[in-house]
Amino acid sequence: MTFYRRNLPHWHPEGKSIFITWRLYGSLPASFMRKKQTARNACTTNTTESEDSPGREFVRLDAALDSAKHGPLWLASPEFAAYAEYPIVHGAELGRYQLHAYVIMPNHVHILLDSYVPLAKISGPLKGVAACDINGRLSRTGKPLWQDESFDHWIRNSAEFERIRHYIEWNPVRAGLVTRPEDWKWSSAGSEYFAYFKRTALPTPPRRVAE
C-alpha cells in the first residue's frame with residue numbers, strides 16, 4: 001500500500017483501480033469548501049451515505065463545478081481540452097497505467113485508471129504538461145492553472161468500478177452539455193482517438209478489483 005500526505009491523506013492499495021479528480025484553480029469559491037471534504041476515503045458516488053459523508057460531499061462539490069457559476073472555464077475551449085486530454089492518453093501509451101475512463105469538463109477532469117507506477121508520478125505529468133501548454137497559450141506566467149490538491153479514491157469492488165465509470169462518462173449529460181455521453185468529444189465515451197487507442201493498444205494486465 002502506498003501512502004503520501006499533502007493537504008489530505010492519500011491511500012493507494014496495490015492492485016486497486018483509482019478514481020482521480022482535479023479542477024482549475026479558483027473554480028470554486030473558498031467559502032464553499034469544507035476542511036474535511038475528503039479527509040477519509042469513501043465511495044465517492046454512493047449517495048446513500050450520511051449527509052456529511054465524503055461521498056455526498058464529493059457529489060455536492062462536483063455538482064457545483066458542473067453548474068460553472070464561479071471561476072475560469074478554460075477547458076471549454078476545444079484547443080485547451082485537447083491539451084488536457086493528450087497527457088491522459090499518452091500516459092497510458094507509455095505504460096504508466098491502464099486507462100478505463102476519463103472526461104474533461106469546462107473546469108475539471110475525472111479519470112479512472114489502474115496505476116503501474118506511484119500515483120505521484122502519474123498526477124504530476126497529467127497536470128503539469130497541460131498547465132504548461134495552456135498557460136503558454138494564455139500568456140500566463142507564474143500563475144497556477146490547477147488547484148494544487150487533487151481528489152483520489154481507490155475502488156472497492158466491481159460494482160463501484162462500473163458506477164464510477166458511468167459517473168465519469170455521463171458527467172457532460174448531467175451538466176446539460178450534451179444529450180448522450182458519446183456526443184462529448186473530450187471523454188472516453190466520445191473520443192475517436194481513445195476508441196482507436198483501445199482497439200490498437202498492446203494487451204495490458206487485466207484490472208484487479210475485489211469482488
Side-chain angles (χ1 to χ4, degrees), residues 18-29 44-45 58-59 61-94 96-113 115 119 122-153 164-201:
I18 303 173
F19 171 46
I20 313 172
T21 295
W22 62 97
R23 61 186 176 90
L24 293 177
Y25 185 83
S27 52
L28 289 174
T44 57
T45 59
F58 174 85
V59 172
L61 295 177
D62 201 46
L65 289 170
D66 289 343
S67 70
K69 294 180 179 179
H70 185 89
L73 299 172
W74 288 314
L75 301 179
S77 159
E79 179 184 9
F80 294 165
Y83 287 152
E85 181 184 46
Y86 171 76
I88 292 174
V89 178
H90 188 56
E93 292 176 323
L94 292 175
R96 293 172 182 161
Y97 47 80
Q98 183 175 1
L99 181 61
H100 297 297
Y102 70 90
V103 66
I104 299 162
M105 299 293 287
N107 58 9
H108 65 288
V109 177
H110 295 307
I111 183 171
L112 178 63
L113 56 83
S115 62
L119 190 56
I122 293 175
S123 58
L126 287 180
K127 298 171 72 174
V129 171
C132 182
D133 291 341
I134 294 173
N135 275 338
R137 291 288 288 135
L138 291 171
S139 299
R140 301 172 79 243
T141 303
K143 297 180 180 180
L145 181 76
W146 305 109
Q147 198 72 29
D148 184 56
E149 188 70 59
S150 300
F151 174 88
D152 53 87
H153 166 77
I164 290 180
R165 185 187 61 80
H166 181 276
Y167 185 92
I168 290 171
E169 295 190 339
W170 281 77
N171 198 171
V173 177
R174 290 194 310 274
L177 300 174
V178 291
T179 57
R180 303 180 304 167
E182 57 267 31
D183 292 336
W184 189 251
K185 181 179 179 180
W186 312 110
S187 75
S188 51
S191 168
E192 294 180 4
Y193 176 67
F194 181 72
Y196 173 80
F197 167 73
K198 290 282 284 185
R199 290 195 303 268
T200 59

Peer 1: I18 and I122: side chain to side chain contact (heavy atoms under 4.5 Å, CB included), yes or no, with the steps?
Peer 2: CA-CA 11 Å; I18 303 173; I122 293 175; over 6 Å; no
Peer 1: Between L177 and P106, is any pair of side-chain heavy atoms under 4.5 Å apart?
Peer 2: yes
Peer 1: Does F151 have R23 sitting over its ring (NZ/CZ under 6.0 Å from centre, angle to axis within 45°)?
Peer 2: no
Peer 1: What heavy-atom pair brings A81 and I104 nearest, and what distance separates the two atoms?
Peer 2: O-CD1, 3.4 Å
Peer 1: Under the side-chain hydrogen bond (donor to acceptor under 3.5 Å, both in side chains) rule, collect the residues that match up with R137, sequence neighbours excluded.
Peer 2: E79
Peer 1: Which residues pass the side-chain hydrogen bond (donor to acceptor under 3.5 Å, both in side chains) test with W170, sequence neighbours left out?
Peer 2: H166
Peer 1: Between W184 (side chain only) and M105 (backbone N and O only), is there a donor and an acceptor less than 3.5 Å apart?
Peer 2: no
Peer 1: For V173 versus P181, what's the shortest heavy-atom pair and its separation?
Peer 2: CG2-N, 3.6 Å
Peer 1: What's the verdict on side chain to side chain contact (heavy atoms under 4.5 Å, CB included) for L113 and I88, showing C-alpha distance, side-chain angles and the deciding distance?
Peer 2: CA-CA 10 Å; L113 56 83; I88 292 174; over 6 Å; no
Peer 1: Closest heavy-atom contact between A92 and L99?
Peer 2: CB-CB, 3.9 Å
Peer 1: Would you say the side-chain atoms of W146 pair up with the backbone N or O of K127, donor to acceptor, closer than 3.5 Å?
Peer 2: yes
Peer 1: Less than 4.5 Å apart, any side-chain heavy atom of P78 and any of W186?
Peer 2: yes
Peer 1: Give, for atom CG of D66 and atom CG of N171, the distance between the pair rounded to the nearest 0.5 Å.
Peer 2: 4.5 Å
Peer 1: With no hydrogens and no angle check, just 3.5 Å: does a side-chain donor-acceptor pair link N107 and H70?
Peer 2: no
Peer 1: Under the ring-ring contact (aromatic ring centres under 6.0 Å, His included) rule, collect the residues that match up with F194, sequence neighbours excluded.
Peer 2: Y102
Peer 1: Minimum heavy-atom separation for I20 to S150, with atom names?
Peer 2: CG2-CB, 4.4 Å
Peer 1: The test is side chain to side chain contact (heavy atoms under 4.5 Å, CB included); show your working for H108 and S27 and say whether it passes.
Peer 2: CA-CA 8 Å; H108 65 288; S27 52; over 6 Å; no
Peer 1: With side chain to side chain contact (heavy atoms under 4.5 Å, CB included) as the test, would you mind laying out the steps for L126 and Y97 before giving the verdict?
Peer 2: CA-CA 12 Å; L126 287 180; Y97 47 80; 3.4 Å; yes
Peer 1: Specify whether H110 and F19 have parallel, tilted or perpendicular ring planes, treating 30° as the upper limit for parallel and 60° as the lower limit for perpendicular.
Peer 2: tilted
Peer 1: Could you tell me the separation between the CD1 atom of I134 and the CZ atom of F80, rounded to the nearest 0.5 Å?
Peer 2: 6.5 Å
Peer 1: List in chain and number order the residues that pass side-chain hydrogen bond (donor to acceptor under 3.5 Å, both in side chains) with D133, two or more places apart in sequence or in another chain; answer none if no residue qualifies.
Peer 2: none
Peer 1: Identify the two heavy atoms, one from L24 and one from W74, that lie closest to each other, and give their separation to 0.1 Å.
Peer 2: CD1-N, 3.7 Å
Peer 1: Main chain of S115, side chain of Q98: is a donor-acceptor contact present, judged purely on distance under 3.5 Å?
Peer 2: no
Peer 1: In terms of relative ring orientation, are Y86 and H90 parallel, tilted or perpendicular, with 30° and 60° separating the classes?
Peer 2: parallel
Peer 1: With sequence neighbours left out, what residues match S188 under side-chain hydrogen bond (donor to acceptor under 3.5 Å, both in side chains)?
Peer 2: E169
Peer 1: Of all the heavy-atom pairs spanning P87 and P125, show the shortest one and how long it is.
Peer 2: CB-O, 4.0 Å
Peer 1: Kindly write out the residues that satisfy salt bridge (Lys or Arg N to Asp or Glu O under 4.0 Å) with E93, not counting sequence neighbours, or none if the list is empty.
Peer 2: none
Peer 1: Using side-chain contact (heavy atoms from CB on, under 4.5 Å) as the criterion, point out the one residue from I164, L112, I168 that pairs with H100.
Peer 2: L112
